[in-house]
Amino acid sequence: MTDHIASNLSALRARIAAAARGAGRDPAAVTLVAVSKTFGEDAVQAALDAGQRVFGENRVQEAAAKFPQLKARYPDLELHLIGPLQTNKAREAVALFDVIESVDREKLARELAKEMARAGRRPRLYVQVNIGEEPQKAGVAPGELDALLAACRGLGLAIEGLMCIPPADQPPAPFFARLRELAARHALPVASMGMSGDYVEAIAEGATHVRVGSAIFGVRPRPPAEPG
Ligand SMILES: *Cc1c(COP(=O)(O)O)cnc(C)c1O
């Protein structure tokens, strides 16, 4: 059931390295976040056995069911939250995740600052940008990014980078380029962009993190449920 994962991972790593070199970039400058949402612990274990250590999940509840035991066994496992976060789950997210990629509003930033102070644990934070300004999409509007970053600074939150999901129905490269420009303008070192279908384009535009799920684990067994 999980035999394909090691071979998918090694093929993907080779393609990521080739894309980086093709763009004149150091392959080591691109981190692969393996998106394991909807897949079980056995799939994550197969990826761990193949040397993968950075994982992404889009729901707090699902990650909380899957990862605490694995994190206890693999101290270098790094878990990213890549889905929308409700303020009432901020405490659980701060306890579980090493990186929260979906900070997108001041109210959430305030809640995270409070829970980080309470827990004495400081996950690294990225701001999610609604780069295509799509009404149905999560993320701060590009025009409101400056204000959100300033609010985060005011709360004592260090933001490491930006994350985006470009519109599904348009060529992604210009959106990736725009995210990279926004990150550069704010001197943020991280740009998390690119998924199974477009990581090559994202790397060409400067992605430091690509979030890839189905190209590693296969077609997802069930559609993602509501955010959480
Ligand atoms: C599911 C998901 C991914 C991975 O998508 P694939 O197309 O399976 O690679 C990346 N980023 C986010 C935010 C996701 O929700």
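All ligand and atom numbering here is 1-based and tracks the order in the structure. Please read all numbers here as calculations on a predicted model, not as lab measurements.
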Margin query: Check this for me - ligand 1, M195, N or O atoms closer than 3.5 angstrom, yes or no?
Written below: no

Check: With a cut-off of 4.0 Å, which atoms of ligand 1 are near a heavy atom of I165?
Finding: 13 (C)

Next item on the list: Identify, by atom number and element, the atoms of ligand 1 in contact range of G213, meaning under 4.0 Å from any of its heavy atoms.
Entry: 4 (C), 6 (P), 8 (O), 9 (O)

Next item on the list: Considering the heavy atoms of R211, write down every atom of ligand 1 situated less than 4.0 Å from one of them.
Entry: 4 (C), 9 (O), 10 (C), 11 (N), 12 (C), 13 (C)

Check: Looking at E101, Q128, H209, E160, which hits side chain to side chain donor-acceptor pair (under 3.5 Å) with S192?
Finding: E101

Notebook entry, point to check: Relative to the heavy atoms of S196, which atoms of ligand 1 are at a distance of less than 4.0 Å?
Noted result: 6 (P), 7 (O), 8 (O), 9 (O)

Next item on the list: Going by the side chain to side chain donor-acceptor pair (under 3.5 Å) test, name the single residue among Q45, R53, Q69 that passes it with Y74.
Entry: Q45

Margin query: Checking a contact table here: which protein heavy atom is nearest atom 12 (C) of ligand 1, and how many Å away?
Written below: I82 CD1, 3.4 Å

Notebook entry, point to check: Can you list the atoms of ligand 1 that are under 4.0 Å from a heavy atom of V212?
Noted result: 9 (O)

Notebook entry, point to check: Between K37 and ligand 1, is there a nitrogen or oxygen pair with a distance under 3.5 Å?
Noted result: yes

Notebook entry, point to check: When rounded to the nearest 0.5 angstrom, what is the spacing between CD in E201 and CE in M195?
Noted result: 12.0 Å

Check: Under 4.0 Å between a Lys/Arg side-chain N and an Asp/Glu carboxylate O for D98 and R121?
Finding: yes

Next item on the list: Nearest 0.5 Å please: distance from the CD atom of Q52 over to the CG atom of L32.
Entry: 4.5 Å

Checklist line | Sub-4.0 Å heavy-atom approach of E101 to ligand 1 | finding: no

Next item on the list: Calculate, to the nearest 0.5 Å, the distance between atoms OG1 and CG belonging to T208 and L162 respectively.
Entry: 9.5 Å

Next item on the list: Answer yes or no: is there an ion pair linking E115 with R118, defined by an N-O contact shorter than 4.0 Å?
Entry: yes

